[in-house]
Amino acid sequence: MKNGNNTVRVRFAPSPTGRVHLGAARTALYNYLVARQMGGQFILRIEDTDTKRYVEGAEDELINGLRWLGIEWDEGPDVGGPYAPYRQTERQEIYREYIRKLLETGYAYPCFCSLQRLEQVRQQQQRDKTQQRYDGLCRGLLPDEISRRIAAGEEHVIRFKTPYEGSTTAHDLIRGDITVENKNLDDYILFKSNGLPTYHFAAMVDDHLMGITHVIRGSEWLSTFPLHALIIRAFGWEEPQWVHLSVFLKPSGKGKMSKRDADEAVKDGKSIYIKDLKELGYIPAGILNWMVLMGWGVAEDDVMNLNEMSERFRLNGLNPAPAAINFGKLDHFNGTHIRLMPTDELAELLQPVFAQAGYDVDDTVLLKVIPLIRERLITLDDCLAFAGWFFQEDIEPKPEDLVAKNLSPSESAEIARQIYDILADLPVITHESAEAPLRDLVEKLGLKPNQVFGILRVAVTGQQVSPPLFESMEIVGKETVLKRVGQAIDLLESMG
RNA sequence: GCCCCCAUCGUCUAGCGGCCCAGGACGGAGCCCUCUCAAGGCUCAAACAGGGGUUCGAGUCCCCUUGGGGGCACCA
C-alpha cells in the first residue's frame, strides 16, 4: 500500500453546504466500517472550496450528527492528525504547489475564456446536439502569450489537458472496469479564477497526500472518475481503490430522492435528515441498522449493532443499483433496537423526552415503567402516549371512554363501584393480589374481561390504550388507583 | 441530445453455472397468545423485466430491447 505500512485509510469528505442526510451518513458509515474491520483509519475532511455555497453551521451539524450516530473518525478538522489541516481552504498553499507541477509537465494549462464565451460555446453545442466540451481555444496558447496575459493580470482558470484521442479505463470495485473515450471527457477546470481548486483537483491531491487507499463516495462521481484517474496518473501516483455507491430513490421508487421530496417527507413525520430523525425520537442503533442495509444485504439475521456491522460488512457485497427509501423499515429497526436496549440505558434516553414534554419524572418510577412500555415503542417519543399518565397528578378520562362496551353508564358505574370495593379491601395492590379477585368479578357478572378491565383501565390511566393494567396499578399504588376509580364513578354517575 | 452505470417478491436484499419449482427482512393476509395496544410464535400470498445466444445445464456468462438512475458548472 502506498503509505508503506499496509493500513487501510478511508475518508469521508463532505462539503459544508447543507444538512446531513441519509446519503451522506451512509457513505460515512461504509467508510467507517471499512476502516474498523481492516484496522485502518477513517478520516474526516471538509471540502469547503466552494465559498459561494458555504453554509454557516453546516460543519457543526455534520460533526454532531456523525458523532451522535456513533461514527467516529481518527483524523479530522476537530481532532487533528498527522496530515492536518483537514479543511481544504486551509490547504491552499499545497494545491498551488501541485498545480504548478501539472503546469510544468504540460498536463494542465491556463484558460482565459470568459464565462460568456463558454456559455456561447455551450449553446452552440446544444443547438448542434453534439457533446458538450470545452472547445480548446486556450489549449494551444504559446508560453509567451500566457506569461504576458498573466502578467497583465488577466483572469484565468487552469484546465486539465484531457487527451482528445484514446480511452481511459479505471476500475470500480463493485462495477469492474469502466472505460470512456477521452473525447467524451472534458478539459475540466482544476483551479478556479478565484485561486481556489475545484473538487477534481483538491480531492485527488488530498487523497494522495493523506494516503487514502479506498475512495468510497457517491455515484455522482462515476462519470468523472476516469478523469480523476487521469489526474492521478499525470502525477505518477498510485490509484486508490474506487468504490461508487448508489443513490437513494424516493419511497415510491420513482425517481431520485430530491430535496423537495425530503421536505415533503417531513410533513408526514419522516425525514432523511439525521438531525430530524434524532428529534423525531429515532435512536442511532436503529438508524444505523436501517442505513447499512440500503445498498448492502445479508442472507439472514439482519439485526446488527455497529460492532457486528463492522465485522460482517463487505465492500464487494455492495449493490450497484439505486435503492428506494423505506421508512417503514426504519420504524421496525428502531423499535427492535429499543427493545434490545438495557433498561437503565433506555431510561437515560427517555428522561429528556419526558422532561421536554413537561413531565416531572421520578427515576425509580421510570425504571419500573420501562419494562411495561419498551415493546410498545417505535420511537422514543412514543413513551409520552403510553406512559405520560404515570407522571401526572390528575388525569382527565373522557366520560364516554369509561362506559364499557354494550353497557350503559349506570351499569358501568355499578361495576366501577364493585371494582372499588375489591381494590379497597386489598392491603396493597400488586399484579398478583389484584388479578384474581377482579377476574372473579368478571366471572360473577358474566361479562367479558375487556368490559370490566376496560372501565378500570380508563379510570386509572385516562386512556383506552395503555401498558398492562395490573402492573401499571402496582406502580402507581393503591392510593392513586382508588382516588381515580372514585373519580370515575362520579363521572359515570353524572352521565345519568 | 451526448456519455456512463444499473435491473431477483410492492420495498431492502441473499444468490458469484447445477445446492434455487429462488432464501431472509419490512410491509400485507390469517391463526395462536391476550386486560387494551404492542411484542412474540406459526402459516400464507408475493420476484429472477422481455428477447436472443453460450452451455449437458443460466437468476447466475454475452448481446439486443425496454425500463430506471447518474453526469454533461469557475458545485461538490
Side-chain angles (χ1 to χ4, degrees), chain A residues 13-18 47-50 52-53 111 113-115 118-119 122 125-133 155-159 172 175 178-181 183-186 188-194 196 198-200 202-203 217-226 244 246-247 249 251-256 290 293-303 316-317 319-333 335-336 339 373-378 382 385-386 435 438-439 442 448-454 456-458 461 463-470:
Chain A
S15 56
T17 52
E47 312 228 319
D48 55 354
T49 55
D50 186 351
K52 286 198 258 327
R53 288 203 310 156
C111 168
C113 292
S114 67
L115 255 20
L118 259 21
E119 184 53 32
R122 249 193 301 275
Q125 288 168 336
Q126 227 153 53
R127 271 193 298 273
D128 298 345
K129 294 189 193 296
T130 58
Q131 190 225 337
Q132 301 194 15
R133 203 228 228 241
E155 270 207 352
H156 64 280
V157 300
I158 293 171
R159 289 180 182 274
D172 178 276
R175 288 164 231 261
I178 291 171
T179 301
V180 290
E181 298 298 319
K183 63 174 161 54
N184 289 326
L185 258 18
D186 201 351
Y188 290 93
I189 291 175
L190 266 21
F191 249 77
K192 300 179 262 191
S193 60
N194 66 1
L196 284 167
T198 60
Y199 173 87
H200 303 304
R217 40 134 62 166
S219 70
E220 65 268 25
W221 298 113
L222 198 55
S223 51
T224 39
F225 104 103
H244 293 94
S246 64
V247 294
L249 269 25
S252 64
K254 306 242 179 285
K256 184 194 177 189
W290 178 53
L293 257 11
M294 303 187 75
W296 175 67
V298 292
E300 238 123 301
D301 299 327
D302 61 1
V303 175
N316 53 17
N319 193 152
I325 294 169
N326 182 346
F327 286 112
K329 217 154 179 171
L330 203 215
D331 283 347
H332 166 255
F333 280 119
T336 299
R339 263 171 264 136
I373 63 171
R374 181 174 11 225
E375 64 261 33
R376 279 159 250 264
L377 305 181
I378 297 294
D382 291 339
F386 282 112
E435 183 164 7
L438 285 172
R439 287 203 184 272
V442 170
K448 291 257 195 327
N450 196 20
Q451 289 176 295
V452 175
F453 296 142
L456 183 54
R457 179 189 314 285
V458 176
T461 71
Q463 47 201 48
Q464 290 180 301
V465 173
S466 81
L469 231 201
F470 303 114

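Because only heavy atoms are used, hydrogens play no part in the values below, and waters and symmetry mates are left out as well, while side chains stay in. Numbers restart at 1 for each chain; the letters A, B, ... are given by sequence-line order, proteins then strands.
Picking from B:A76, B:C26, B:A7 the nucleotide with the shortest atom distance to the side chain of A:Glu47 gives B:A76. Distances were taken from every side-chain heavy atom of A:Phe470 (C-beta onward) to each of B:A76, B:C35, B:U11; the shortest belongs to B:C35. For A:Arg339, taking side-chain heavy atoms from C-beta onward, the closest of the listed nucleotides B:A39, B:C12, B:A76 is B:A39. Between B:C35, B:C12, B:G24, one nucleotide has an atom nearer to the side chain of A:Leu293 than all others, and that is B:C12. Candidate nucleotides B:G69, B:C74, B:A38 were compared by shortest atom distance to the side chain of A:Ile189, and B:C74 ranks first. Of all nucleotides listed (B:A73, B:A38, B:U11), B:A73 comes nearest to the side chain of A:Gln132. The side chain of A:Phe453 has B:C35 as its nearest neighbour among B:C12, B:A14, B:C35. Set against B:C37, B:C74, B:A14, the side chain of A:Asn319 has B:A14 as its closest nucleotide. Taking every side-chain heavy atom of A:Ala323 into account, B:C12 is the closest of B:G71, B:C12, B:C6. Closest to the A:Pro320 side chain, of the nucleotides B:G69, B:C12, B:A7, is B:A7.
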Carefully, step by step, assess A:Asp382 and A:Arg376 under the rule side-chain contact (heavy atoms from CB on, under 4.5 Å). CA-CA 8 Å; A:Asp382 291 339; A:Arg376 279 159 250 264; over 6 Å; no

Is there a side-chain contact (heavy atoms from CB on, under 4.5 Å) between A:Arg175 and A:Ser219? Walk through the geometry before answering. CA-CA 11 Å; A:Arg175 288 164 231 261; A:Ser219 70; 4.2 Å; yes

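At the phosphate of B:C35, neither OP1 nor OP2 sits under 4.0 Å from any side-chain N or O atom of A:Gln451. A:Lys52 has a side-chain polar atom (N or O) that falls below the 4.0 Å cut-off from OP1 or OP2 of B:C75. A close approach under 4.0 Å does not occur between any side-chain nitrogen or oxygen of A:Arg133 and OP1 or OP2 of B:C3. Applying the 4.0 Å criterion to OP1 and OP2 of B:C75, one finds that A:Thr17 has every side-chain N and O outside that range. Contact annotation: A:Asn450 side-chain N/O to B:U36 OP1/OP2 distance is not under 4.0 Å. The side chain of A:Lys192 contributes an N or O atom lying less than 4.0 Å from OP1 or OP2 of B:A76.
B:C37 makes up no base pair with any nucleotide shown, lacking Watson-Crick or G-U wobble contacts both under 3.5 Å. The partner of B:U11 is B:A25, by the rule that a Watson-Crick or G-U pair needs both atom distances under 3.5 Å. Nucleotide B:A49 forms a Watson-Crick or G-U wobble pair with B:U65, both donor-acceptor distances falling under 3.5 Å. Pair assignment for B:G18 gives B:C56, based on Watson-Crick or G-U wobble hydrogen-bonding distances that are each under 3.5 Å. With a 3.5 Å ceiling on both atom-pair distances, the Watson-Crick or G-U wobble partner of B:C42 is B:G30.
Across all strands, A:Leu469 comes closer than 4.0 Å to base atoms (heavy-atom distances). Among the heavy atoms of the strands lying under 4.0 Å from A:Pro468 is at least one base atom, whether or not backbone atoms are also near. Nucleic acid contact class of A:Thr49 (heavy atoms, under 4.0 Å, all strands): sugar-phosphate only. A:Gly253 comes within contact range of no nucleotide atom at all, as no heavy-atom separation falls under 4.0 Å. Using a 4.0 Å heavy-atom criterion, one finds that A:Pro467 contacts the bases of the nucleic acid, with or without backbone contacts as well. Residue A:Trp221 is classed as a base contact, given a heavy-atom separation below 4.0 Å to a base. As judged by a 4.0 angstrom heavy-atom cut-off over every strand, A:Ser466 is placed among the base-contacting residues. Using a 4.0 Å heavy-atom criterion, one finds that A:Gly335 contacts no nucleic acid atom at all. A:Leu115 comes within contact range of at least one nucleobase, with a heavy-atom separation under 4.0 Å.
RNA chain B is contacted by both A:Val465 and A:Pro251; A:Pro251 maps to the nucleotide lying nearer its 5′ end (nearest heavy atom per residue).
Comparing B:G40 with B:C26, their P atoms are spaced 8 Å from each other, to the whole Å. Atom name P, nucleotides B:C61 and B:C75: the rounded distance is 41 Å, in whole Å. To the nearest whole angstrom, the two C1' atoms, one in B:C21 and one in B:G59, are 13 Å apart. Rounded to whole Å, the separation between the P atoms of B:G18 and B:A76 comes to 47 Å. Distance noted for atom C1' between B:U60 and B:A22: 11 Å (whole Å). Comparing the same atom, C1', in B:C63 and in B:G1 gives a spacing of 25 Å after rounding to whole Å. On the P atoms, B:C64 is 24 Å away from B:G71, given to the nearest whole Å. Rounded to whole Å, the C1' atom of B:G15 lies 32 Å from the corresponding atom of B:A39.
Judged by distance alone, with hydrogens and angles left aside, A:Lys129 brings no side-chain donor or acceptor close enough to the base of B:C2 to form a pair under 3.5 Å. Remark: the A:Arg175 side chain and the B:C5 base include no donor-acceptor N/O pair separated by less than 3.5 Å. Checked by distance alone, A:Ser193 brings a side-chain donor or acceptor within 3.5 Å of a matching partner on the base of B:C74.
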